[in-house]
Amino acid sequence: MFILIAYDVSTTDRAGQKRLRRVARACKDYGVRVQKSLFECQLGKTEWAALRSRLLKEIDPKQDSLRVYHLDEDARDKTEHHGLGEPVDLNEPLVL
């Protein structure tokens, strides 16, 4: 499944700054950062369940916001990109 994850974590205190780093790390473990707080993820059901659980444990629902968009596979082909940072094809092998 193709998922877009957006988050806004309050960083007014030290605990919020730590939450922000943990949320970003969780998203990086499963997807590709396309904006500062926006990740594209190509996941199976098991991976999505693990990531969702991890994110929900990290955020503070009284201070933070987490949005998840479940997109159909055609959405990637319909996405436009302009400017810096060439999009990463999540279906191709990643070469480091």
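Along the sequence shown, residues are numbered consecutively beginning with 1.
Considering only residues two or more places apart in sequence or on other chains, Q63 meets the side chain to side chain donor-acceptor pair (under 3.5 Å) condition with D60. Looking at residues two or more places apart in sequence or on another chain, you find a side chain to side chain donor-acceptor pair (under 3.5 Å) between R67 and Y69.
I5 and L43 fall within the same hydrophobic cluster, defined by Ile, Leu, Val, Met, Phe, Trp and Tyr side-chain heavy atoms under 4.5 Å apart, directly or through other members. Residues V9 and L66 share a single hydrophobic cluster, defined by chaining ILVMFWY side chains whose heavy atoms lie under 4.5 Å apart.
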* **Test log, rule side chain to side chain contact (heavy atoms under 4.5 Å, CB included), inputs I3 and V68** => CA-CA 7 Å; I3 297 174; V68 179; 3.5 Å; yes
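Sorted by first and then second residue, the ring-ring contact (aromatic ring centres under 6.0 Å, His included) pairs involving residues 8-36 (not counting sequence neighbours) form an empty list. Residue pairs meeting the ring-ring contact (aromatic ring centres under 6.0 Å, His included) criterion with at least one partner in residues 39-59, sequence neighbours excluded, are W48-H70. The salt bridge (charged side-chain N to carboxylate O under 4.0 Å, His left out) analysis of residues 1-21, with sequence neighbours excluded, yields the pairs R19-D64.
Interatomic distance, L71 CG to F2 CZ, rounded to the nearest 0.5 Å: 6.0 Å. Put simply, CD on Q35 and CG on L4 are 10.0 Å apart, with the number rounded to the nearest 0.5 Å. Taken to the nearest 0.5 Å, the OH atom of Y7 stands 5.5 Å off from the CG atom of L20. K62 contributes atom NZ, which lies 14.0 Å from atom OG of S10 (distance to the nearest 0.5 angstrom).
Listed here is the closest heavy atom pair of C41 and G31: SG-CA, 3.7 Å. The shortest non-hydrogen separation linking G16 to T11 is O-CG2, 4.0 Å.
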For residues 51-59, run the donor-acceptor check on the side chains, cut-off 3.5 Å, and write out each pair with its distance to 0.1 Å, sequence neighbours left out.
| from | atom 1 | to | atom 2 | distance (Å) |
| --- | --- | --- | --- | --- |
| R54 | NH1 | D29 | OD2 | 2.9 |
| R54 | NH2 | D29 | OD2 | 2.9 |
| E58 | OE1 | R22 | NE | 2.4 |
| E58 | OE1 | R22 | NH2 | 3.4 |

